[in-house]
Amino acid sequence: MIQARIGKRFAPGPESAGFELNVELRVAAGVTVLFGASGSGKTLTLDCIAGFVTPDSGRILLDDEILYDAAAQVNLRPQRRNCGYVFQNYALFPHMTLRENLAFAAERKPRLERHRRVSEMLEKFQLGGVSGRRPHEVSGGEKQRCSIARALIGEPKLLLLDEPARGLDAPLRTGLYATLRQVRAEFNVPILLVTHDLDECFELAGEMLVLREGRVAQRGEPKDVLSQPANVEVARLLGVANLFQAEIAALDPGKNTSRLKLDDFELIGPYYPGRFLRDRVWLCIRAEDLRAQAPNGAKPEGVNRVPVKLLRVSERPQAVRLEFSRDITVEAPRAEFERLKDNEEWLVEFPPQSIRIL
């Protein structure tokens, strides 16, 4: 268990803006992801925990050991913190073979145990066939697995990973995820992973912390964070394309409905407890929750069907991204789009239960 309260401030300079990190986190066994844009403080948080950067204030506790305490003036060196760290660039020693890299990380163990442990980790991470090669002689995936094995060989109480999938192609990324799932299952240590890839959160994380400008803007299971962002800034970080300012025009708790007025159209949504008439809110709906339809010459009928014009089509691996007038974006199945693509006029349907407000 890692518990941390970290404060770190960088004053503005002649050519740089100031920055202040102020985060609090609690990480148990399993994978916790720090998610956010570049410059939000993700790597800085890891570096403060590992001891590479000294915070200005706060306290870091790993199990029952104090790693850092500003008030008590405790600040253990990185070598004494028992944290494994996987860097973005792997940080393997280029003049050593993969076996020698692991042996160096296990140098504090007795010689026979060190040899046994190195051989065990090479086998576990499928590196036995390339253990005599140097880092520049192996693939990116093999370097990544060696970096993780080296971080774990000293039996750390915490594993820190800084964007471990960065620069890997799709097959290597899939292999990395399988490796990290194996680590999660077999080593039973808390894992704190930095990423700005939402798919990675869903692949690995039990919990995600969304960082924005040095603060934790939201935390929770990835599916819960994505389905209900805390605010419009978090929604934008998560890539939600459809964000509209709206006014609550009606609330009917008896029918569990509301009416939302946008600039030039209205939508029916679910009832929103705690909201009042004429409240100004942000309406949030994911592109894959909308449905694009052909009007077939008829006027829009039914609930939440908005007439639009198709402006742009973008291909996606699993779908087609359709950008319409009124700043509406839809992700549609490719087969459905192929059937309708010759239409000049379109309708977009907003399912009432998919409409969230922020």
Testing the basics here: between [X] and [Y], what is the closest heavy-atom pair and its distance to 0.1 Å?
{"X": "A332", "Y": "L322", "result": "CB-CD1, 4.1 Å"}
{"X": "R181", "Y": "L204", "result": "CG-CD2, 4.1 Å"}
{"X": "G41", "Y": "L21", "result": "O-CD1, 3.9 Å"}
{"X": "L92", "Y": "P135", "result": "CB-CG, 3.8 Å"}
{"X": "A149", "Y": "M121", "result": "O-CE, 3.5 Å"}
{"X": "A4", "Y": "I60", "result": "CB-CG1, 4.1 Å"}

Exercise for review: List, by chain and then residue number, the residues other than F104 in its hydrophobic cluster (Ile/Leu/Val/Met/Phe/Trp/Tyr, side-chain heavy atoms under 4.5 Å); write none if there are no others.
Suggested key: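 Besides F104, the hydrophobic cluster comprises F93, M96, listed by chain and residue number.
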
With a 4.5 Å cut-off on side-chain heavy atoms, are [Y] and [X] touching?
{"X": "L172", "Y": "L176", "answer": "no"}
{"X": "L152", "Y": "V183", "answer": "yes"}
{"X": "L211", "Y": "V216", "answer": "yes"}
{"X": "Y68", "Y": "I6", "answer": "no"}
{"X": "L260", "Y": "I248", "answer": "yes"}
{"X": "L193", "Y": "E200", "answer": "yes"}
{"X": "V138", "Y": "L127", "answer": "no"}
{"X": "R291", "Y": "E336", "answer": "yes"}

May I have all residue pairs that pass salt bridge (Lys or Arg N to Asp or Glu O under 4.0 Å) and include part of [range], sequence neighbours excluded?
{"range": "residues 51-72", "result": "K8-D56, R59-D69"}
{"range": "residues 347-358", "result": "none"}
{"range": "residues 124-150", "result": "K124-E186"}

From [X] atom [atom1] to [Y] atom [atom2], the distance as rounded to the nearest 0.5 Å:
{"X": "N304", "Y": "S354", "atom1": "CG", "atom2": "OG", "answer": "10.0 Å"}
{"X": "R5", "Y": "C48", "atom1": "CZ", "atom2": "SG", "answer": "13.5 Å"}
{"X": "S147", "Y": "N101", "atom1": "OG", "atom2": "CG", "answer": "9.0 Å"}
{"X": "N231", "Y": "C284", "atom1": "CG", "atom2": "SG", "answer": "10.5 Å"}
{"X": "Q144", "Y": "I148", "atom1": "CD", "atom2": "CD1", "answer": "5.0 Å"}
{"X": "L62", "Y": "M1", "atom1": "CG", "atom2": "CE", "answer": "10.5 Å"}

Review point. What residues form a ring pair (Phe, Tyr, Trp, His ring centres under 6.0 Å) with F125, not counting sequence neighbours?
Key: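 Checked F125 against ring pair (Phe, Tyr, Trp, His ring centres under 6.0 Å); zero matches.
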
Using residues 24-38 as the side-chain source, report each donor-acceptor pair under 3.5 Å to any protein atom, sequence neighbours left out, with the distance given to one decimal.
unit_1 : atom_1 : unit_2 : atom_2 : d
R26    : NH1    : Q3     : OE1    : 2.9

Residues 268-283 side chain polar contacts: donor-acceptor under 3.5 Å, at least two apart:
unit_1 : atom_1 : unit_2 : atom_2 : d
Y272   : OH     : I355   : O      : 3.1
D279   : OD2    : F276   : N      : 2.9

Listing request: all side chain to side chain donor-acceptor pair (under 3.5 Å) pairs with a residue in [range], at least two apart in sequence or in separate chains.
{"range": "residues 243-269", "result": "R259-E266, D264-R326"}
{"range": "residues 209-227", "result": "none"}
{"range": "residues 155-170", "result": "T43-D162, Q88-D162, Q88-R166, E163-H196"}

Show me the donor-acceptor pairs, under 3.5 Å and distance only, between side chains in residues 70-78 and residues at least two apart or in other chains.
unit_1 : atom_1 : unit_2 : atom_2 : d
N75    : OD1    : R81    : NH2    : 2.6
N75    : ND2    : T54    : OG1    : 3.3

Check your understanding: When you look at E233 and R236, which way does the salt bridge (Lys or Arg N to Asp or Glu O under 4.0 Å) test go after all the steps?
Key -> CA-CA 5 Å; E233 289 81 12; R236 286 178 175 140; 5.2 Å; no

Review point. Would you say Y177's side chain and E203's backbone share a donor-acceptor pair under 3.5 angstrom?
Key: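 Not confirmed, Y177 side chain does not pair with E203 backbone.
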
Practice item. Give a yes or no answer on whether the side chain of S325 reaches the backbone of K309 with a donor-acceptor pair at less than 3.5 Å. Key: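 Answer holds: yes.
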
Connected via hydrophobic side-chain network under 4.5 Å: [X] and [Y]:
{"X": "I49", "Y": "V86", "answer": "no"}
{"X": "L102", "Y": "Y85", "answer": "no"}
{"X": "F187", "Y": "L158", "answer": "no"}
{"X": "L67", "Y": "L160", "answer": "yes"}
{"X": "F202", "Y": "L180", "answer": "yes"}

Review point. Is E120 salt-bridged to R117, cutoff N-O under 4.0 Å?
Key: yes

Point to revise | Salt-bridge contact R173-D199 (side-chain N to carboxylate O under 4.0 Å) | key: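 The answer is no: the pair does not qualify as a salt bridge.
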
**Study point:** Partner set under salt bridge (Lys or Arg N to Asp or Glu O under 4.0 Å) for E288, not counting sequence neighbours
**Key:**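 Listed in chain order: R286.
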
Exercise for review: For V308 and E345, run side-chain contact (heavy atoms from CB on, under 4.5 Å): C-alpha distance rounded to whole Å, both residues' side-chain angles, the deciding distance at 0.1 Å, then the answer.
Suggested key: CA-CA 7 Å; V308 291; E345 303 292 330; over 6 Å; no

Revision key, fill the gap. Result for side chain to side chain contact (heavy atoms under 4.5 Å, CB included) between V330 and one of W346, F337, F324 points to F324

Review point. Which class fits the ring pair F244 and F265: parallel under 30°, tilted 30 to 60°, perpendicular over 60°?
Key: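 Perpendicular: the ring planes of F244 and F265 meet at over 60°.
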
Check your understanding: If you draw a 6.0 Å radius around CD in E107, do more than 12 non-hydrogen atoms from other residues or ligands fall strictly inside?
Key -> yes

